[in-house]
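The next block holds one structure in the form of structure tokens; read it before the comments.
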There are 2 protein chains.
Amino acid sequence: MPHLTDPRPQLTERLREHGIGPTHQRIEIARALFARMTHLSADQVLAAVNARHAETSKATVYNTLKLFVEKGLVREVIVDPTKVFYDPNMAPHHHFYDVETGEITDIEADRIAIGGLPSLPPGKVAAGLDLIIRIRSGA
Amino acid sequence: MPHLTDPRPQLTERLREHGIGPTHQRIEIARALFARMTHLSADQVLAAVNARHAETSKATVYNTLKLFVEKGLVREVIVDPTKVFYDPNMAPHHHFYDVETGEITDIEADRIAIGGLPSLPPGKVAAGLDLIIRIRSGA
DNA sequence: CAGGAGTCTGGACTCTGTCTAACCGCCCGC
DNA sequence: GCGGGCGGTTAGACAGAGTCCAGACTCCTG
């Protein structure tokens with residue numbers, strides 16, 4: 001009975017598509033993000049990777065996450081001043097951020113209409129658009 | 001010839017309006033923000049205050065900025081994972097963030113139309129809406 | 001098998017922000 | 001005025017995220 005759903009081949013493929021040489025550590029880090037498909041902070045990724053066999057250093061996790069962002073494999077979500085979250089969902093979308101629990105939830109982009117975007121300062125191009133709706137419990 | 005534009009009385013007044021007891025340190029911190037009307041990080045505020053006569057400790061600057069945010073005197077802008085910026089402009093508006101220079105620029109709210117905001121998760125209320133457009137130089 | 005480029009590692013380090021315990025000063029009741 | 005209390009301030013130790021560095025490792029190529 002062969003392993004039915006080993007994700008490593010798909011992950012290797014996906015890394016290659018983005019011009020990232022697949023190494024053991026990079027595959028494990030990609031697995032941590034794409035297996036869960038949730039927003040993880042760098043230290044959550046580190047913990048998830050090391051909870052399995054693969055021992056990986058903090059520096060490698062930080063370097064790799066930065067590389068993934070540069071190569072367009074994941075997206076940075078900056079909502080909490082104390083840590084950065086990494087979002088494996090690259091489809092256009094926005095975020096709810098619960099300021100009490102720290103929970104981040106996706107909002108599909110086509111559920112919000114943003115119109116009349118202003119002209120950019122001269123010589124500048126858009127590098128990203130983040131709409132963050134902060135929420136808390138209450139009446 | 002009396003001092004024509006000493007801002008301290010206005011600042012004292014403004015602090016009182018927001019239920020903040022005016023102390024020397026708080027007035028100096030408010031002055032640093034409102035004299036410039038730009039986005040400053042906590043350590044920039046600390047440097048600005050201490051560049052004048054007033055010696056003020058790091059803890060007081062952090063405590064005071066947090067107090068100002070609670071009382072609705074200034075607004076936190078979270079765009080850079082390494083530090084929080086404080087924005088004395090409380091009128092509804094959004095932000096450009098230059099990822100290369102770190103510069104933050106205001107966009108008046110009525111220049112952007114955001115429609116069809118999604119329903120919030122049950123039991124939650126909106127606590128703020130931040131639209132950040134990241135820009136960089138380039139073609 | 002040797003060389004080299006690229007990758008990984010642990011640990012020291014930096015920096016923003018928090019905490020704590022003592023101190024100060026202002027105001028209020030007497 | 002005088003004393004006491006309490007909010008505000010302080011310096012410095014501390015915590016946690018992220019960076020840096022020099023050395024070691026891996027894997028590909030010739």
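Each chain gets a letter, A, B and so on, in the order the sequences are listed, and its residues count up from 1. Because the structure is a prediction, the values reported are computed rather than measured.
Here C/dC8 presents its P atom at 8 Å from CG of A/N63, a figure rounded to the nearest Å. Taking atom CD of residue A/E28 and atom C1' of nucleotide C/dC8, one finds them 15 Å apart after rounding to whole Å. Distance CG (A/L46) to P (C/dC8): 14 Å, rounded to an integer number of Å. Here D/dG7 presents its P atom at 17 Å from CD1 of B/I20, a figure rounded to the nearest Å. Residue B/K71 contributes atom NZ, which lies 10 Å from atom P of D/dG8 at whole-angstrom precision. When rounded to the nearest whole Å, the span between CG of B/L40 and P of C/dG17 equals 13 Å. One interatomic measurement links the two molecules: CD1 of A/I27 to C1' of C/dC8, which rounds to 15 Å at whole-angstrom precision. The CD-P distance, from B/E55 to D/dG12, rounds to 13 Å in whole Å.
Between B/R31 and B/E28 there is a salt bridge, since at least one side-chain N of the basic residue sits less than 4.0 Å from a carboxylate O of the acidic one. Under a 4.0 Å N-O distance rule, the pair A/R75/A/D130 qualifies as a salt bridge. Remark: A/R111 does not engage A/E108 in a salt bridge, criterion side-chain N to carboxylate O under 4.0 Å. Using a 4.0 Å cut-off between charged nitrogen and carboxylate oxygen, B/K124 and A/D98 count as a salt-bridge pair.
Both A/L15 and A/L67 are members of a single hydrophobic cluster when ILVMFWY side chains are connected at heavy-atom separations under 4.5 Å. Grouping the Ile, Leu, Val, Met, Phe, Trp and Tyr side chains by contacts below 4.5 angstrom, directly or via other members, places B/I104 apart from A/I78.
Nucleic acid contact for B/S41: none, since no nucleic acid atom lies under 4.0 Å from a heavy atom of the residue.
For A/R26, the side-chain atoms get nearest to C/dT7 when compared with the rest of D/dT10, C/dT7, C/dG10. The side chain of A/A42 lies closest to D/dG18, out of C/dT16, D/dG18, C/dT9. Comparing atom distances between the A/K66 side chain and each of D/dT10, C/dT9, D/dT19 picks out D/dT19 as nearest. Listed candidates were C/dC8, D/dT9, C/dG17. Nearest to the side chain of B/Q25 is D/dT9. When each of C/dC8, D/dG12, D/dT9 is scored by its nearest atom to the side-chain atoms of B/T64, the top-ranked nucleotide is D/dT9.
DNA chain D lies under 4.0 Å from at least one heavy atom of each of the following residues of residues 73-87 of chain A: A/T82, A/K83, A/V84.
Closest of all the heavy-atom pairs between B/E76 and B/Y86 is CG-CE2, 3.7 Å.
Contact annotation: B/Y62 side-chain N/O to C/dG17 OP1/OP2 distance is under 4.0 Å. Note on A/T23: a side-chain N or O is less than 4.0 Å away from OP1 or OP2 of C/dC8. Taking 4.0 angstrom as the limit, B/S57 places a side-chain polar atom (N or O) nearer than this to OP1 or OP2 of D/dT10.
Using modelled atom types, one finds no donor on one side chain facing an acceptor on the other under 3.5 Å when comparing A/Q25 with A/T64. Between the side chains of A/D106 and A/H39, at least one donor N or O sits under 3.5 Å from an acceptor N or O.
Not a single donor-acceptor contact under 3.5 angstrom links the side-chain atoms of A/K58 to the base of C/dG10.
No side-chain donor-acceptor contact under 3.5 Å links A/N89 to the backbone of A/M37.
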message = At under 4.0 Å between heavy atoms, how does the protein contact nucleotides 21-27 of chain C? Give one character per nucleotide, 5' to 3', with B, S or -.
response = -------

